[in-house]
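In each ligand, atom 1 is the first atom listed, and ligand 1 is the first ligand listed.
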Amino acid sequence: MLAELSPALTAEVQRAAKLLASKQRICLLTGAGISAESGIPTFRDKQTGLWENYAAEDLATPDAFARDPKLVWSWYQWRRQLVADKTPNPAHDALAQWQYHTQSSDQQLTLITQNVDDLHEQAGSTVIHLHGNLWQNRCSQCNTTYENRSNRLANSKNDLIFDEDLITCQHCGGYIRPNIVWFGESLPVQAWQTAEDAASNCEVFISIGTSSLVYPAAGLAQLAKQNGAKIIEINPDPTPNTIVDITLAEKAGVIMPLLIQQITTL
Ligand code: APR
């Protein structure tokens with residue numbers, strides 16, 4: 001299995017596996033790169049189709065929604081349609097397998113994601129979402145969450161409605177918006193607190209498929225490092241993060257199954 005990798009990368013995977021097998025508290029942060037092999041474009045991939053002339057950063061903001069709610073709502077309906085048939089790839093599956101394996105060991109894994117897709121959940125993982133969830137909605141005025149059909153919002157992806165008509169809140173008449181953290185908005189308090197605690201107390205922090213550009217999530221690795229953790233980065237295009245101790249410059253879907261197989265058999 002490791003034969004797929006260069007001798008140098010094989011040695012780094014074995015070094016990472018040895019470190020991870022010897023430690024109890026592991027914190028993992030995933031980004032859009034872990035879903036890339038499932039066919040979901042990463043956040044900084046160029047947008048396509050009708051949306052190719054828009055940058056995600058210009059649409060995922062409260063101002064954009066206030067200015068043109070229908071445009072932003074349509075974009076998210078398009079993203080939902082793009083993601084609806086996507087399934088976990090070997091990286092998601094390997095992480096879920098590792099989490100399952102730790103149930104009978106003294107290792108504690110905390111999996112945190114910046115992603116708004118639910119591929120970690122589909123693979124069977126327990127995961128903390130820092131930036132919200134593409135399949136959830138809430139009122140932009142009174143924050144009531146909307147997950148049921150009566151508001152023409154599907155209660156599951158199977159009967160999802162992708163129409164672009166704006167939906168108004170039953171309680172206050174405000175427009176319904178995706179339950180996603182937009183640029184300039186604060187992260188969910190409980191999720192961030194859990195992530196900070198896990199990063200501060202872990203012995204190894206693994207960053208998988210993220211450009212580490214967007215704070216505060218990008219600061220978790222630094223927080224872990226300050227508290228004595230070793231840092232592992234899995235990314236075919238390594239970031240200029242100087243705090244990384246072990247760089248696995250390969251796709252997550254290739255590395256994760258090999259790494260987990262090594263860890264769980266050491
Ligand atoms: N395996 C691992 N990493 C990959 C793969 C892969 N198969 N394919 C791409 N990558 C890497 C890219 O090299 C890049 O560094 O994934 C990273 C994706 O970076 P971004 O597109 O910036 O996504 P992300 O880091 O998740 O963005 C963070 O920024 O825009 C906000 O809220 C948004 O959650 C998002 C946050």
Looking only at distances, can you tell me whether any N or O atom of [X], backbone or side chain, sits closer than 3.5 Å to an N or O atom of ligand 1?
| X | value |
| --- | --- |
| A252 | yes |
| T239 | no |
| S211 | yes |
| N235 | yes |
| L213 | no |

*With a 4.5 Å limit on heavy-atom distance, are the side chains of L187 and P216 in contact?*
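Side chain of L187 against side chain of P216, heavy atoms only: contact under 4.5 Å found.
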*Side chain, backbone, both or neither: which part of K251 has a heavy atom under 4.0 Å from ligand 1?*
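Near ligand 1, K251 shows its backbone as well as its side chain.
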Atoms in ligand 1 flagged as close to [X], the criterion being non-hydrogen separation under 4.0 Å:
| X | value |
| --- | --- |
| E37 | 1 (N), 6 (C), 7 (N) |
| Q114 | 28 (C), 34 (O), 36 (C) |
| A36 | 8 (N) |
| G31 | 26 (O) |
| D237 | 13 (O) |

_I'd like to know if G253 contacts ligand 1, where contact means a heavy-atom distance under 4.0 Å to any ligand atom._
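The answer is no, since G253 has no heavy atom less than 4.0 Å from ligand 1.
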*Without swapping roles, check the side chain of S212 against the backbone of A218 for a donor-acceptor pair under 3.5 Å.*
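Not at all, since once roles are kept as given, no pair shorter than 3.5 Å links the two residues.
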*So which of L130, V214, V254 gets nearest to atom 29 (O) of ligand 1, if we judge by its closest heavy atom?*
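Closest candidate by heavy-atom distance is V214.
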